[in-house]
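Worksheet: the structure to be examined is printed underneath.
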Amino acid sequence: MSTEEVRLFIGPQHPGVTGNMSIEVLLKGDTITWAKTHIGYLHRAFEKLMERRIFIKSFPLVCRICVPESDTNEENLARGLEELADIEIPERAKWIRTLVLELSRLQMFIMWYGGIAGSMGLSTPVQWGIGDRDYILDLFEELTGGRVYHIYILPGGVRKDLPEGFEERVLKTMDLIERRLPEYDELIMDNAVEQKRLKGLAPIPKEWVEEMGITGPVARACGFPYDVRKNSPYEAYDKLDFDVITEDGCDVWSMLLVRRREIDLSIKLIREIVSKMPKGEFLTRLPNVLYWEIPKGETYVKSEATRGEFGYYIFTDGSGKPRRVHVKGPSFIHGITLLERLLVGQNIADVAPILVALQICPPEMER
Amino acid sequence: MGLKEVLKPLGAWRQIARKPHTILVPKVHREAAERYRGFHVNDLGKCIGCGTCAAVCPNEAIDMVKIEGIEGKKGDSGFRPRIDYGRCCWCGLCVDSCPTTSLRMTNEYIWIREAPDDFVYIPGYDIKGFEQKEKGYRKDKEHSFTDYHRVPMREKEPEERLQTFAEVVLGYTEEEARKEADRCIGCGLCISGCPDRMHIPDYIRAVASGEYERSVNIMYENNPFAELCGKVCTRRCESYCSLGNEGDPVAIRWLKRFATERFSDLKEVIRARKQELKDKSVGIIGAGPGGLTAAYYLALRGYKVTVYEAMPEAGGMTMAGIPKYRFPLPSLKKQVEFILSQGVELKTNYFVDPEKFRNLMEIHDAIYLGVGLLKPWKLGVPGEDHPNVIYAIDYLRKVNFNESVKIGNEVVVIGGGDVAIDAARVSRRFGAKVTIGYRRRKVDMPADREEIEGAEEEGVEIWEKIIPLRVEDAPEGRVKLVYGKARMVDQGPGRRPKPVLIEGEEYEILVDRIIVAIGQQADLTFLPQEFAEKMEVERGRIKVNERQMTSISGIFAGGDVANRVADAISAIADGLRAVKGIELYFQGKS
Ligand SMILES: Cc1cc2nc3c(=O)[nH]c(=O)nc-3n(C[C@H](O)[C@H](O)[C@H](O)COP(=O)(O)OP(=O)(O)OC[C@H]3O[C@@H](n4cnc5c(N)ncnc54)[C@H](O)[C@@H]3O)c2cc1C
Ligand code: SF4
Ligand code: SF4
């Protein structure tokens, strides 16, 4: 190692790092010449724990794989098990699940929107993001009984029906958020500092998208119209009217633009879901969950999380517990494969916005 | 980029005049949502300590603990859940699994204490102040983990039933049985209600997973009359099924029926381990379910067993009493033959009189009395010796042994128990018009509810509060029952109201036969005097200790003759207990 280079650990205790991980970098001046992602600070062994649990007991567990967007995990696991156990769920359950997933995406994007500004020291929208997200968490609380960990999507459907008047309150909250968005835009999008710093930052060579398996808003910011909701629709997504959002800049600014447009899309989809919500049952009775055995089989189910394609590979062996569950979080690729290469040549001050732009969530790497 | 991008962000200052998102806790209390999953509360009077909450908790946050003031009893383990909030993740799976719905959550989420131990507590017992909170996460019974609805049992239509003595109940299909079995949550509280302590959750789970052979083997560990019980058991267990508190108990009896009926040759199925032969022999008097149970397990333990039975067939009252539309003969034969195949010797048409009894005492090392109750109770009213007054057990025995019986076109059955119902339903099958006269109300009838309903479906009329006064001869070979009516007099809490005759009123009914079914008593005249003198009898039943030994060393007794709960499963349980008693006796330990 040349003496001109400085070795630095960014994280795990660093406000700019998006969770319990660290990035070891070599610096020449302010420029990163080498980067390595270190994980292992969480040690939660979700996948292994699942192998020792009856199926139902995994639900309060998997929601923790992504704290702010827990529902993707519940939905994937539920849908995978339903497929393996050959359980048909009621139509209304599919729509309620879709509503939950979109609400979940929306609150995550709003928080993210504040977060990207925060990563460059603009802390006002961070508070806003957290505050406005809470109005959606109020809805979750009312619907599911929990604000963050909902444990609401279970195999067979959803745990409770929509409460009386819930749809109107969802619509009201959408109006409230929509009214607030221009203020965020003024502060973030229309901000000279943000524009100067983010436009053209960390461009991703287009060929990396396919080479590495990049998905989600990052891929779509590189012009790839890949969105699981559209490409392999699940729950009620095939009955919703929307186009995949793409931008072409491949840089952090384009990722910001994609996500900003996703916020509008989520609001639109939520209104559409509410207007099309079918009546009827919301839960198919499961076999006795204490003894539920699922025939031998394997499946891979996936969905579109705010960070990209989120998947569950589930292998059952006919017993009451899964033989193997593998959780594919998009952050595994974005936070290791992509990040380590993308950081090379970047200014150290931009590490935080890049991390946020890739929306890296360490529990997804350490399942 | 220009001046606009510098000025626009300043719009954020608008916030300064707005109301903040946040509230000042604890000055302002924010009530959580109606279904919020907050601290638990438990209705301890409703909770039965089944432990399902603890079984489903993903975090092992629940321990079942003993607490003062709550004793275990049938259907209640006496334990209650204690929750460790250092582990609880507020998922509410426990609430959704609680079969009694006693456990729920409040919408209380703030509770501040210094001592960590304060966060390990027994909801409902350790009073925390939020017990009265109405709001919070509750179980919605129809959308929970508990299935409260029994798979209905299909039966023959009443008109069809009356044409034959074929079984009324049609049985579960495999799919129905597995679905019904899967409802069992495995708490095991039913075992406390089974006199024989059968391993109920185990054999039910085996049915649910399609392992029928295993299921039947589990049953045979302590009951060689599993199929009998699958058809006619009084199913005390079902009264203690935890699902019964808020829904239908698991059809334990029908599941036993389903599993046992699948196998026509028990020898191929039951893997009973026979021990080496021992040089002790046991004589068993009475081939009822109790005597034969003792015989089976004694034979498995290597003892030489001989069963002496007065009737031409084995089975006791299950042969001679229970009508064939409930318990068909081939089923009894199958079970008895398997018992005999274990090396049990059976001597039928062998009535043990005092002389023979003395002889048996000589040749056997121990004796088991499973002689049942063969003598009917009489009404004790004038004119009872009229030839048209018959007794249900005599009547049913004749029917079951295909002897000819004439009952005419109209009968009245006196009594309210299962035997009365059997006599009534059998009479309906002979085409008679049947009325049951019972001295209490219909709700007080000790007979099985389903049996009462079955009888009514078949056209049996039930008259309540009937007190027979006398029997009179009537023209054309008929008979007249003169009766009075009763009024029910309250006997205080926990006791059945008593029927008291309303004086001065008399009614009559003209019939061809009066069938008396008010109970049976023991007939111990077969005991030689020197034994009868020493044999302690208490209110008509032979007194036995906890190992079924009578007051005479080496003589054991069980079943109806000793047990006030006169049903097949109690007789089976006594027989099994006696086996242990006899073995200990042989080992000189009792
Ligand atoms: C009509 C009727 C319906 C019933 N229905 C049900 C029901 O649905 N469910 C249920 O669980 N129970 C029912 N019972 C009760 C059940 O049949 C008895 O509780 C059970 O059979 C008792 O078994 P045990 O072995 O004690 O004697 P028992 O079955 O009474 O057998 C006693 C045997 O001993 C023999 N015996 C007696 N004295 C002598 C002697 N001196 N020498 C030789 N042999 C002798 C008798 O002939 C008889 O075979 C019913 C009873 C009756 C009468
Ligand atoms: S599940 Fe319900 S009834 Fe059973 S022990 Fe727990 S609280 Fe009590
Ligand atoms: S809420 Fe969940 S974690 Fe808490 S005690 Fe109940 S089952 Fe266990």
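First the proteins, then the strands, lettered A, B, ... as listed; each starts at 1.
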- Query: Under a 4.5 Å heavy-atom cut-off, does chain A meet the side chain of B:Ile185, its backbone, both or neither?
  - Reply: both
- Message: Given heavy-atom pairs under 4.5 angstrom as the criterion, report whether the side chain, backbone, both or neither of A:Pro125 touches chain B.
- Response: neither
- Could you tell me the separation between the CG atom of A:Leu283 and the CD atom of B:Glu142, rounded to the nearest 0.5 Å? 11.0 Å
- Pick one of side chain, backbone, both or neither for B:Ala32, based on which atoms fall under 4.5 Å of a heavy atom in chain A. both
- Look at B:Asp96 together with A:Lys160 and state whether they make a salt bridge at an N to O cut-off of under 4.0 Å. no
- Does the pair A:Lys57/B:Glu60 count as a salt bridge with the N-to-O cut at 4.0 Å? no
- Query: Which answer fits A:Asp185, side chain, backbone, both or neither, if we ask what part of it has an atom under 4.5 Å from a heavy atom of chain B?
  - Reply: neither
- Message: Against B:Phe145, only a single residue in A:Asn288, A:Ile56, A:Leu290 fulfils side chain to side chain contact (heavy atoms under 4.5 Å, CB included); can you say which?
- Response: A:Ile56
- Just by distance, with hydrogens left out, do A:Glu281 and B:His143 show a side-chain donor and acceptor under 3.5 Å apart? yes
- Of the backbone (N, CA, C, O) and the side chain (C-beta and beyond), which part of B:Thr22 lies under 4.5 Å from a heavy atom of chain A, both, or neither? neither
- Hey, are B:Tyr109 and A:Arg147 close enough side-chain-wise for a donor-acceptor pair under 3.5 Å? no
- Selection from A:Glu293, A:Met189, A:Arg180 maximising heavy-atom pairs under 4.5 Å formed with chain B: A:Arg180
- Query: With only heavy atoms counted, which part of B:Asn107 is less than 4.5 Å from chain A, the side chain, the backbone, both or neither?
  - Reply: neither
- Item | Portion of B:Arg178 that has a non-hydrogen atom of chain A nearer than 4.5 angstrom | neither
- Item | Cationic N near anionic O, under 4.0 Å, A:Glu186 to B:Arg14 | yes
